[in-house]
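Here the structure is laid out as C-alpha cells; the discussion comes afterwards.
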Amino acid sequence: MTRREWLFKTVARPAVVGTGVVLGAILLDVWRAAGRFSSHHWSDLGRIDTLVGEGLLPLPAQRIALVRQEDRVAALSLECTHLGCLVNSVDEGFFCPCHGSEFGPRGEVYSGPAPRNLDWLSLRLRHGRLWVQAGTRLREPQWVVIRQDAGDSVGKA
C-alpha cells in the first residue's frame with residue numbers, strides 16, 4: 001500500500017462520509033422544520049369537551065374564533081380581509097382596530113374598508129380534539145357536528 005492509498009483510506013474517505021452524514025442530517029432537520037411554519041398544517045385547538053355553551057369563542061393566539069351553534073362548531077379567521085390585522089371580538093361581532101372595519105357575528109362585513117367577509121377555516125374533530133387548518137380559506141363555514149355520545153364518529157354538516 002502506498003502512502004497515497006493509506007492517506008485516502010484513513011483520512012479522505014471518512015471525511016467525505018462524515019461530511020455527507022452531517023449535511024444529510026441538516027437537510028432532514030430543515031425539511032421537517034419547514035412543515036411547522038407552514039399555515040397549511042393542522043393545529044390542535046384542544047379537547048372538544050372544554051368547549052361549553054353556544055356562541056363565539058375567540059382564540060387570538062391562534063388567530064381564529066370558534067363559532068358554536070347547537071351541536072356543531074366552525075372556525076372563523078380573525079384576520080381582517082383588508083390588510084390582515086387581527087380583529088377584536090366585540091358584542092356585535094368583530095372590529096378591526098387598524099382601519100375600523102366592522103364585521104357581524106358570522107364575519108359578514110358591516111362597514112369597510114374590508115372588501116369581503118372574514119374567512120372560514122377548515123376544521124376537523126379527531127380523537128376528541130379539534131384541529132384547524134389556517135392555510136385553507138373558505139367562503140362558507142365548514143361545520144363539524146359534535147356528537148357527545150359517539151366519541152370520534154363525527155360528521156360534517
Side-chain angles (χ1 to χ4, degrees), residues 1-52 56-68 71-89 94-99 101 103 106-107 109 113-157:
M1 175 182 298
T2 65
R3 184 171 48 179
R4 184 170 288 186
E5 289 173 346
W6 179 85
L7 190 61
F8 179 75
K9 286 182 179 179
T10 58
V11 177
R13 187 182 292 171
V16 169
V17 171
T19 302
V21 168
V22 169
L23 287 176
I26 291 171
L27 289 175
L28 182 63
D29 190 46
V30 169
W31 180 267
R32 289 181 178 165
R36 283 182 250 153
F37 300 107
S38 170
S39 62
H40 290 282
H41 73 278
W42 290 89
S43 300
D44 185 10
L45 297 177
R47 296 206 45 85
I48 189 67
D49 53 3
T50 61
L51 188 63
V52 293
L56 196 65
L57 175 63
L59 301 169
Q62 287 85 12
R63 302 180 74 87
I64 69 161
L66 294 176
V67 179
R68 183 166 180 178
D71 64 340
R72 60 187 191 162
V73 65
L76 187 64
S77 172
L78 290 181
E79 293 178 359
C80 181
T81 54
H82 177 227
L83 292 178
C85 294
L86 184 66
V87 298
N88 296 328
S89 175
F94 301 97
F95 174 75
C96 179
C98 295
H99 299 102
S101 293
F103 301 91
R106 294 292 176 98
V109 175
R116 57 185 167 80
N117 299 341
L118 295 176
D119 295 318
W120 293 92
L121 304 172
S122 290
L123 188 68
R124 86 167 50 152
L125 184 62
R126 188 173 184 97
H127 302 293
R129 302 185 73 85
L130 277 174
W131 295 80
V132 66
Q133 187 180 31
T136 303
R137 306 291 174 157
L138 307 170
R139 297 280 177 226
E140 299 291 324
Q142 185 181 43
W143 295 102
V144 173
V145 177
I146 303 167
R147 295 186 184 121
Q148 300 293 340
D149 57 329
D152 289 338
S153 61
V154 173
K156 293 179 180 167

Quiz item: Taking only residues two or more places apart in sequence, or in another chain, which ones meet Leu66 in a side-chain contact (heavy atoms from CB on, under 4.5 Å)?
Solution: Leu45, Leu51, Leu57, Leu59, Ile64, Val73, Ala75, Leu123, Leu130
Quiz item: Quick one: side-chain contact (heavy atoms from CB on, under 4.5 Å) partners of Arg4, sequence neighbours excluded?
Solution: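 Expected list: Thr2.
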Quiz item: Are the gamma sulfurs of Cys98 and Cys80 separated by less than 2.5 Å?
Solution: no
Considering non-hydrogen atoms only, spot the tightest contact between [X] and [Y] and give its length.
X	Y	result
Leu78	Pro58	CD1-CB, 4.5 Å
Pro97	Asn88	CG-ND2, 3.8 Å
Glu140	Trp120	O-CB, 3.5 Å
Leu56	Ser89	CD2-OG, 3.7 Å

Would you say [X] and [Y] make side-chain contact, with heavy atoms under 4.5 Å?
X	Y	result
Asp119	Arg139	yes
Val109	Ser101	no
Val67	Pro141	no

Extract all donor-acceptor atom pairs below 3.5 Å that involve side chains of residues 6-22 and protein atoms in other chains or at least two apart in sequence.
| unit_1 | atom_1 | unit_2 | atom_2 | d |
| --- | --- | --- | --- | --- |
| Thr10 | OG1 | Trp6 | O | 2.8 |
| Thr19 | OG1 | Ala15 | O | 2.8 |

Practice problem: Quick one: list whatever passes side chain to side chain donor-acceptor pair (under 3.5 Å) with Asp44, sequence neighbours left out. | Solution: Arg129
Self-check item: With Gln62 via side chain to side chain donor-acceptor pair (under 3.5 Å) - residues at least two apart
Solution: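 Not a single residue meets the side chain to side chain donor-acceptor pair (under 3.5 Å) criterion with Gln62.
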Practice problem: Could you note down all residue pairs passing side chain to side chain donor-acceptor pair (under 3.5 Å) where residues 75-85 supplies at least one of them, sequence neighbours left out? | Solution: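 Passing the test, one end in residues 75-85: Arg63-Glu79, Ser77-Arg137, Glu79-Arg137, His82-His99.
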Quiz item: Rounded to the nearest 0.5 Å, how far does CZ of Phe94 lie from CG of Leu86?
Solution: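 Reported to 0.5 Å precision, the distance equals 10.5 Å.
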Practice problem: Nearest 0.5 Å please: distance from the CG atom of Leu121 over to the CG atom of Leu76. | Solution: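 The distance works out to 7.0 Å.
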Self-check item: Geometric cation-pi criterion, Arg126 with Trp131: 6.0 Å, 45°
Solution: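 That pair does not qualify as a cation-pi contact.
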